Visitor: 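The structure under discussion is supplied below as structure tokens; questions concerning it will follow.
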Amino acid sequence: MAGARRSKTPPNLPDRIEEIRIGPRQVLRTGMEAKVRFPGRRQNVMARFLYADERGFLSFTDPKNGGRRTVSADCVVSIPRNQTPRRDP
């Protein structure tokens with residue numbers, strides 16, 4: 001089989017923002033968990049924040065399947081008070 005061709009140009013990915021202000025006294029940092037309303041779900045879900053891009057979309061890990069879900073900032077319902085960024089081993 002022939003090898004797959006690869007693009008020579010780097011992908012044009014949006015810049016990642018690791019800290020975003022959701023509201024007054026509500027700052028969401030990478031690794032924190034927040035209660036999020038995902039499209040197509042009946043209940044709000046506690047999901048871990050990964051990053052935001054310059055367009056205002058936030059990326060979270062989906063606890064159901066471990067994948068990445070991207071939502072707008074108004075889908076964040078609440079941020080628990082006792083949050084510190086999680087450190088992965």
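None of these values were measured; they are calculated from a predicted model.
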Visitor: Compare all side-chain heavy atoms of L58 with those of V36 and state whether any distance is below 4.5 angstrom.
Guide: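 No, their side chains stay 4.5 Å or more apart.
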Visitor: What heavy-atom pair brings M32 and I79 nearest, and what distance separates the two atoms?
Guide: CE-CG2, 4.0 Å
Visitor: What pairs with N65 under side-chain hydrogen bond (donor to acceptor under 3.5 Å, both in side chains), at least two apart in sequence or on another chain?
Guide: none
Visitor: Mind checking what makes side-chain hydrogen bond (donor to acceptor under 3.5 Å, both in side chains) contact with T61, not counting sequence neighbours?
Guide: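 Applying side-chain hydrogen bond (donor to acceptor under 3.5 Å, both in side chains) to T61 gives none.
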Visitor: Ignoring hydrogens, what is the shortest heavy-atom contact between F49 and I20? Give both atom names and the distance.
Guide: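 Heavy atoms only, the tightest pair is CZ-CG2, 4.2 Å.
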Visitor: Could you list the residues that satisfy side chain to side chain contact (heavy atoms under 4.5 Å, CB included) with V27, not counting sequence neighbours?
Guide: E19, R21, R29
Visitor: Would you please name every residue forming a side-chain hydrogen bond (donor to acceptor under 3.5 Å, both in side chains) with R41, sequence neighbours left out?
Guide: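 For R41, the residues satisfying side-chain hydrogen bond (donor to acceptor under 3.5 Å, both in side chains) (neighbours in sequence not counted) are D62.
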Visitor: Check which hydrophobic residues are tied to Y51 through side-chain heavy-atom contacts below 4.5 Å, counting indirect links as well, and list them.
Guide: L50
Visitor: Please identify each residue that fulfils side chain to side chain contact (heavy atoms under 4.5 Å, CB included) with E18, with sequence neighbours left out.
Guide: T30
Visitor: Looking at M46 and P80, what are the two nearest heavy atoms and their distance?
Guide: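 Minimum heavy-atom separation between M46 and P80: CE-CG, 3.7 Å.
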Visitor: With distance as the sole test, does R48 use its side chain to make a donor-acceptor pair with the main-chain N or O of P63 at under 3.5 Å?
Guide: no
Visitor: Could you report the tightest heavy-atom contact between F38 and F60, atom names first, then the distance?
Guide: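 In this case the closest contact between F38 and F60 is CZ-CB, 4.1 Å.
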